[in-house]
Amino acid sequence: TIKSAPHSTYCFFDINMQLNLQREAEINNTMEQALKDREFVVYLQPKVNLHDNSLVGAEALVRWIRDGIIIMPGDFIPIFENNGFVVNLDFFVYEEVCKILKEWMKQGKKLVPISINVSRVHLHDEKFVDNIKSLVDSYGIPYNLLELELTESIFLSNTEAALTAMRQLRGLGFGVSIDDFGAGYSSLNLLKDMATDVIKLDKEFFGHDNMQREEQIIVSSIISMAKQLNMKVLSEGVETQNQSDFLRSVRCDMAQGYLYSRPIPVGDFEKLI
Ligand code: C2E
Ligand code: MG
Ligand code: MG
Ligand code: MG
């Protein structure tokens, strides 16, 4: 078996690589038309206050719906980050979110902020903050109804640009948060420079129901540190009541996860308001 392994492994990778290349080529060839045809759809996932389970916000998460099949962002965002199309897609998503908020304002609905994901690619454009501002202004949306999520990894690869964008956004009054906190290399020493309102604890911390003692210590320490830095903490990927009970006991502020709701179409989300 040892002898045949390299051969079969080679075949396996070869076929997969070919499939990946085919899929990537197909995505490259269809993405622009798909955007025009409105195949990209914004879903909303509720964020809840852990103390009373009330709805306090939403995260906009994009889906590609093609011939009735839902394609998840993990299958196309990395490709769009490489070919640059993520900029077009994100501004489409941001505009959809403005339209949603505008509609809620018009209908007199209770307003909750919606967060949007910021790709690292945006930071290569020094007009990024201006562009967001113009878009939001054109819809007349108060800045505090939008929260921009910057993933922790952006701060490590592109520290200065990320810190600058974050300060500018926050200076204007947008909400800002650090996504996937604790997932990669620790950016603890950067926290002091991060003008953030919210830290989103990565869902890896909640990958299984019975958190180990060590994990509990780490999570509760991050939460108490954040509190002293005047930041709020939201735990992502909360799936069980045990996790939610633990998080409440260590005074985590907010949660997001399948325990409360999956990301859902906007119409379904509106029924929750
Ligand atoms: P993210 O921003 O960290 O979003 C949270 C992800 O966790 C979402 O995956 C969400 O569906 C998933 N999630 C929520 N609750 C649970 C749970 O209880 N258990 C588990 N296992 N997962 C949970 P999704 O929607 O597949 O998005 C994946 C990533 O793709 C996002 O991670 C974000 O980085 C990126 N993404 C999604 N939409 C956009 C977008 O419009 N623009 C950009 N640039 N990136 C996006
Ligand atoms: Mg996010
Ligand atoms: Mg995240
Ligand atoms: Mg992520």
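The structure displayed is predicted, hence computed values, not measured ones. Both ligands and their constituent atoms are indexed starting at 1 by order of listing.
- Polar contact check, D180 against ligand 1: a nitrogen or oxygen pair lies under 3.5 Å apart.
- Close to ligand 1: R63, with a non-hydrogen atom less than 4.0 angstrom away.
- Electrostatic pairing of E96 and K99 counts as a salt bridge here, judged by a charged N lying under 4.0 Å from a carboxylate O.
- The NZ atom of K203 sits 9.5 Å away from the CD atom of E239 when rounded to the nearest 0.5 Å.
- Heavy-atom proximity to Q45, at under 4.0 Å, picks out these atoms of ligand 1: 14 (C), 15 (N).
- Contact annotation: D180 places an N, O or S atom under 2.8 Å from the Mg ion (ligand 3).
- No heavy atom of R262 sits closer than 4.0 Å to any atom of ligand 1.
- Here's the thing with T151: none of its N/O atoms is less than 3.5 angstrom from an N/O atom of ligand 1.
- Using a 3.5 Å distance cut-off with no hydrogens or angles, the side chains of D245 and Q241 do pair a donor with an acceptor.
- Residues E59 and N117 have side chains that bring a donor and an acceptor to within less than 3.5 angstrom of each other.
- Coordination check, T151 versus the Mg ion (ligand 2): failed, since every N/O/S atom of the residue sits at 2.8 Å or beyond.
- For the pair G74 and ligand 1, no heavy-atom separation below 4.0 Å is found.
- Applying the 4.0 Å criterion to heavy atoms of V62 picks out, from ligand 1, the atoms 38 (N), 39 (C), 40 (C), 41 (O).
- Using a 4.5 Å heavy-atom cutoff, the side chains of E270 and Q107 are not in contact.
- Minimum-distance N/O/S atom of E149 relative to the Mg ion (ligand 2): OE1.
- R248 places a side-chain N or O within 3.5 Å of a backbone atom of L50 that can act as its donor or acceptor partner.
- Summarising the geometry, atom CD belonging to E39 is positioned 4.5 Å from atom CZ belonging to R66; distances are rounded to the nearest 0.5 Å.
- Among the atoms of E236, no N, O or S atom falls under 2.8 Å of the Mg ion (ligand 2).
- Among the backbone and side-chain atoms of D202, none of the N, O or S atoms lies under 2.8 Å from the Mg ion (ligand 3).
- Counted by atom type alone, S115 and K47 present one or more donor-acceptor pairs between their side chains at under 3.5 Å.
- Heavy-atom proximity to atom 43 (C) of ligand 1, evaluated over D75, V42, D90, is greatest for D90.
- Each of the following atoms of ligand 1 lies closer than 4.0 Å to a heavy atom of P263: 11 (O).
- When the options Q243, R120, K203, K200 are ranked by their closest heavy atom to atom 12 (C) of ligand 1, first place goes to K203.
- Ligand-side atoms of ligand 1 in range of D179: 1 (P), 2 (O), 3 (O), range being under 4.0 angstrom from any heavy atom.
- In the vicinity of M72, heavy-atom distances shorter than 4.0 Å reach the ligand 1 atoms 26 (O).
- With a 4.0 Å cut-off on non-hydrogen atoms, L61 touches ligand 1 through its backbone as well as its side chain.
- Applying the 4.0 Å criterion to heavy atoms of V93 picks out, from ligand 1, the atoms 41 (O).
- Vertex the Mg ion (ligand 2); arms to D179 atom OD2 and E59 atom OE2; angle 180° (nearest 10°).
- K227 places a side-chain N or O within 3.5 Å of a backbone atom of R251 that can act as its donor or acceptor partner.
- In this structure, a donor-acceptor pair under 3.5 Å is absent between the side chains of Q45 and Y260.
- Under 3.5 Å, the side chains of N242 and T240 contain no donor-acceptor pair of N or O atoms.
- Among residues at least two apart or in separate chains, ring-ring contact (aromatic ring centres under 6.0 Å, His included) pairs with a member in residues 46-74 are F40-W64, W64-F76.
- Both F269 and L101 belong to a common hydrophobic cluster when Ile, Leu, Val, Met, Phe, Trp and Tyr are linked at side-chain heavy-atom distances under 4.5 angstrom.
- Against a heavy-atom cut-off of under 4.0 Å, E239 is close to the following atoms of ligand 1: 17 (C), 18 (O), 19 (N), 20 (C), 21 (N).
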